[in-house]
Amino acid sequence: MFDYQLFFQNMSDKDLAAATILRAMADHGYFGQNAVDVLNNSETKLAYIKDGDTYKLSLNLAGAFLIANFEVDYKKGEITFGGVTYKGGSSRVDTMDMLGYWLPKYMPEGEVAPNVKDWYQAIVANLN
């Protein structure tokens, strides 16, 4: 059986940021081709920085700003979000259960699932 715990612990900062962007966009109404179109828009800018144990995302999704902090808990296998704003108002992103749900669904056996492959590639291509 594939070791998702080990895979999660070895994900690069960029891969973690890409996964969280995918989740943050889904929680704010971007799905499928809609998301790919937004990500490929020339106005879209995706950035993250790591500050200690906290990551800061700053997303300009073709003029709609989504900003969030997230922390990674490798022991629990979760990514937790805080300080989320979208289009200037407060918002939220659901906690990501990386081991029980997110990785098996979207990265089965460590490979990007076909249903999010275009979306994931567009995120990685646009990420700082």
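These numbers come from the heavy atoms of this one structure, side chains and all, not from hydrogens, waters or symmetry mates.
Inter-residue side-chain proximity for Leu103 and Phe8 is flagged as met; some heavy-atom pair is nearer than 4.5 Å. Contact check for Ile79 versus Glu71: no side-chain heavy atoms found under the 4.5 Å cut-off. Within the 4.5 Å cutoff, the side chain of Leu39 has heavy atoms near those of the Ile123 side chain. With a 4.5 Å cut-off on side-chain heavy atoms, Leu22 and Trp102 count as touching. Using a 4.5 Å cut-off on side-chain heavy atoms (C-beta onward), Lys87 and His28 make no contact. Side-chain atoms of Asn69 and Phe81, non-hydrogen and from C-beta on, never get closer than 4.5 Å to each other.
Here the side chain of Lys45 pairs a donor or acceptor atom with the backbone of Ser42 at under 3.5 angstrom. With Glu111 contributing its side chain and Tyr106 its backbone, the two residues share no donor-acceptor pair below 3.5 Å. The closest donor-acceptor contact from the side chain of Thr85 to the backbone of Gly88 lies at 3.5 Å or more, if one exists at all.
Using cut-offs of 30° and 60° on the angle between ring planes, the pair Tyr30 and Tyr86 is perpendicular.
Taking all atoms of both residues into account, the shortest heavy-atom contact from Tyr4 to Glu109 is OH-N, 3.0 Å.
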Given the rule in the salt bridge (charged side-chain N to carboxylate O under 4.0 Å, His left out) test, do Arg23 and Asp94 qualify, once you have shown the distances and angles that lead to the verdict? CA-CA 8 Å; Arg23 177 55 178 265; Asp94 293 331; 3.5 Å; yes
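Here the OG atom belonging to Ser58 is positioned 9.0 Å from the CG atom belonging to Leu46, to the nearest 0.5 angstrom.
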